[in-house]
There are 2 protein chains.
Amino acid sequence: MKKQSDKPDIVSVARLAGVSAATVSRALNHPDLVHPATRKKIDLAIRKSGYIRNRAAQTIHGRRSATIGLIVPTIANVIFAELVQAFNDAVSQQGFTLLLASHGYDLATEYALVRKLLEHRVDALALIGLDHGEDTYRVLREQGLPALAIWNYDPVSTISCLGIDNAEAGRIAASHLLMLGHRRIATIFPDTGENDRARSRRSAAQATLKAAGLGDRADWQIQTPYNTGQAKRASLELLASVDRPTALLCGNDVIAQGALYAALKLGLKVPGDLSIIGIGDFVGSAELEPPLTTIRIPARRIGAAAADHLVAAVDSESEDAMIRTCFECELIMRATTATPPVG
Amino acid sequence: MKKQSDKPDIVSVARLAGVSAATVSRALNHPDLVHPATRKKIDLAIRKSGYIRNRAAQTIHGRRSATIGLIVPTIANVIFAELVQAFNDAVSQQGFTLLLASHGYDLATEYALVRKLLEHRVDALALIGLDHGEDTYRVLREQGLPALAIWNYDPVSTISCLGIDNAEAGRIAASHLLMLGHRRIATIFPDTGENDRARSRRSAAQATLKAAGLGDRADWQIQTPYNTGQAKRASLELLASVDRPTALLCGNDVIAQGALYAALKLGLKVPGDLSIIGIGDFVGSAELEPPLTTIRIPARRIGAAAADHLVAAVDSESEDAMIRTCFECELIMRATTATPPVG
DNA sequence: AATAGTCTTGCAAATGTTTTCATAAAATAT
DNA sequence: ATATTTTATGAAAACATTTGCAAGACTATT
């Protein structure tokens with residue numbers, strides 16, 4: 001009755017194998033340091049006892065926790081789906097486990113989540129974008145763990161970042177519509193208050209339109225959250241008017257999808273009557289009917305690269321160097337944009 | 001130079017506050033046991049030093065890790081998006097952190113993930129469905145931690161489960177099409193080898209069709225993964241023939257969406273020429289044009305209930321009681337099904 | 001057969017908390 | 001005022017592991 005819990009620990013395995021706990025530990029962490037024969041005995045003892053090692057104990061010893069945190073605005077949405085999957089796959093493949101959290105586009109909540117993940121001693125932390133609370137930035141600085149802002153590239157960021165130039169994405173989208181000859185262009189974006197990605201896209205797009213001499217009609221600057229249903233309803237309202245735009249520049253593909261459905265519902269031909277362009281190229285955007293013209297964000301590559309960077313930063317004990325990596329975004333011309341209707 | 005790491009720990013906080021480590025610990029975990037004045041001093045010291053407590057240390061002490069594991073087949077897809085979000089929200093709100101993993105519909109990988117999460121000493125573990133490796137079941141049994149199979153209800157499951165009766169879903173979908181008068185019905189499902197949800201739906205649907213006297217044409221039993229693009233291509237092939245079905249029963253909404261796009265592309269009227277029914281009612285299905293008729297799975301409620309059950313099981317030290325909860329699934333008649341075309 | 005070198009292993013200290021037990025101080029009752 | 005109960009705190013053991021150090025066991029070299 002000396003053991004209160006029946007769960008086998010390293011010393012019970014050691015006893016079973018007839019060696020010391022230290023040797024078992026070494027067999028697990030530095031197999032090359034222990035004699036093949038002993039290793040065999042230990043393997044057998046582990047198998048026999050059903051031992052599962054306790055990461056918490058090694059974490060506490062100062063070893064890494066083998067966990068990496070990822071905080072995204074939302075999960076219940078296709079926006080970050082590919083990113084999360086790719087990030088998780090890469091991280092997992094290198095022996096780490098993902099701690100995932102979502103804050104619903106609220107930076108105060110985000111700070112609380114950061115603290116929570118730090119309590120769990122994640123070895124590294126990834127966030128989306130560069131809009132974060134002052135307190136978030138401070139605690140990240142203080143803790144000095146590898147941190148990375150994903151999704152938005154900014155040449156003057158204060159923490160490492162890896163993503164696309166969202167302003168460029170907005171510019172490309174706007175230019176594409178202008179190039180096709182559109183002069184009646186509406187934009188649909190979410191609230192850009194705490195969302196630097198949307199803000200960059202939006203202001204660059206507006207600037208491009210303005211530079212082309214387009215007045216900025218307030219009623220053609222729609223705001224709606226990243227939600228297909230709400231985007232569809234907002235678009236229905238916008239498009240119902242006879243004085244409607246000939247093109248819609250959407251903050252991302254989720255909105256674009258909603259806009260497309262609205263057009264379909266109203267019997268508008270896309271792209272004959274109305275051009276629609278999205279940003280993101282999310283899963284499924286290529287399969288829409290008609291297939292969506294959009295600006296591709298290489299989400300899988302970004303996710304994998306982010307994971308690789310963080311894992312490397314954890315492995316190399318050295319001070320993790322600041323990186324700022326820009327992935328190219330690219331116009332994917334599919335079938336929802338064309339020259340504006342005559343008349 | 002006595003401290004090698006500069007990170008403040010509980011004793012440095014204690015020193016700073018002029019109390020013992022035990023008191024700091026108490027102030028954190030049982031605030032009512034420490035004098036308000038001392039609490040104040042401690043709070044200040046914590047603030048000042050930027051102390052973040054170490055969950056690993058409490059985990060190792062036998063306290064709970066405050067983490068819950070969730071293993072899903074896939075993240076890069078809308079299928080489990082709402083479930084994961086709801087689960088995470090509920091778990092998070094109760095002070096737990098989510099450890100997420102995905103296995104890509106491979107049960108061997110799943111077993112490895114289960115082990116990994118157990119190494120991290122998750123307090124509870126949730127899996128999707130009831131198809132799992134023998135080894136997975138064994139280790140779950142041995143470890144005796146609260147475990148839960150989500151998504152599929154089975155009255156004779158060997159572990160707790162919480163979800164819908166997938167056979168019922170398949171039956172409802174098939175009955176709906178029969179009721180409308182369809183006699184030429186094709187089914188599109190993924191590989192059902194290691195996927196009990198799909199298997200239950202499919203076999204119940206087939207049985208219902210057979211009971212109605214419909215022969216099971218092999219070329220009308222399509223197999224394609226849960227992927228809009230592949231489903232669209234498979235449907236294009238199926239629907240291009242003049243000898244085509246009048247209705248498509250799809251394994252889930254992702255497939256249904258692909259089928260719908262295929263029909264649109266071929267210029268088929270939905271539901272005039274072709275009826276399509278999905279299963280799941282995923283985010284966005286209601287917004288499709290035309291809106292998708294489907295069998296609703298209450299993903300948010302399931303996710304929240306699953307989380308609540310596991311948290312409760314963790315909190316109550318008692319042996320966690322087996323539960324088997326069945327959520328109702330429900331036919332949502334939207335606009336993609338109708339009576340078959342005459343002629 | 002002796003010496004030097006290389007492997008392999010065990011001991012013990014260390015990691016950051018929590019909690020039991022004991023004690024001191026304060027509050028209450030007599 | 002004293003005796004008793006309550007409240008607040010500290011000391012130390014416990015949790016499961018890793019690792020530096022030292023010593024014992026081989027192997028290779030002469």
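So that the names make sense, note that chain A is the first sequence line, chain B the second, and so on, each numbered from 1.
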Exercise. Where the side chain of B/Lys48 meets the backbone of B/Ala17, is there a donor-acceptor pair that is under 3.5 Å apart?
Worked result: no
Check ion pair [X]-[Y] (N to O, under 4.0 angstrom):
{"X": "B/Asp135", "Y": "B/Arg115", "answer": "no"}
{"X": "B/Arg138", "Y": "B/Glu142", "answer": "yes"}
{"X": "A/Asp131", "Y": "A/Arg197", "answer": "no"}

For this session: List in numerical order all residues of residues 43-63 of chain A for which some heavy atom is under 4.0 Å away from an atom belonging to DNA chain D.
Result: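 Within this stretch, A/Tyr51, A/Arg53, A/Asn54, A/Ala57, A/Gln58, A/His61, A/Arg63 sit under 4.0 Å of the strand.
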In whole Å, I'd like the distance from the [atom1] atom of [X] to the [atom2] atom of [N].
{"X": "B/Arg39", "N": "D/dT9", "atom1": "CZ", "atom2": "C1'", "answer": "14 Å"}
{"X": "A/Leu33", "N": "D/dT19", "atom1": "CG", "atom2": "C1'", "answer": "11 Å"}
{"X": "A/Asn29", "N": "D/dG20", "atom1": "CG", "atom2": "C1'", "answer": "15 Å"}
{"X": "B/Arg64", "N": "C/dT18", "atom1": "CZ", "atom2": "C1'", "answer": "14 Å"}
{"X": "B/Asp9", "N": "C/dA14", "atom1": "CG", "atom2": "P", "answer": "14 Å"}
{"X": "A/His120", "N": "C/dG16", "atom1": "NE2", "atom2": "P", "answer": "18 Å"}
{"X": "B/Leu118", "N": "D/dA16", "atom1": "CG", "atom2": "C1'", "answer": "16 Å"}
{"X": "A/Ile10", "N": "C/dG10", "atom1": "CD1", "atom2": "C1'", "answer": "13 Å"}

Answer yes or no: is there a side-chain heavy-atom contact under 4.5 Å between [X] and [Y]?
{"X": "B/Tyr51", "Y": "B/Lys7", "result": "no"}
{"X": "A/Tyr105", "Y": "A/Glu194", "result": "no"}
{"X": "A/Pro73", "Y": "A/Ile128", "result": "yes"}
{"X": "A/Leu310", "Y": "A/Phe96", "result": "no"}

Problem set entry | DNA chain D: 5'-proximal contact among B/Arg121 and B/Pro36 (nearest heavy atom) |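 The answer here is B/Pro36.
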For this session: By nearest nucleotide on DNA chain D, pick out whichever of B/Asp32 and A/Leu28 is the more 5' one.
Result: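 Checking each residue's closest nucleotide, the 5'-ward one belongs to B/Asp32.
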Give each protein N/O atom lying under 3.5 Å from an N/O atom of nucleotides 24-27 of chain C, with the pair distance.
none

Seminar exercise, completed: Regarding the side chain of A/Thr38, the nearest nucleotide among C/dT9, C/dT19, C/dA12 is C/dT9
Problem set entry | side-chain N/O A/Thr23 vs C/dG10 OP1/OP2, d < 4.0 Å |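 Yes, because at least one side-chain N or O of A/Thr23 sits under 4.0 Å from OP1 or OP2 of C/dG10.
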Exercise. Are OP1 or OP2 of C/dC11 and a side-chain N or O of A/Ser20 less than 4.0 angstrom apart?
Worked result: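 For C/dC11, OP1/OP2 do not have a side-chain N/O of A/Ser20 under 4.0 Å.
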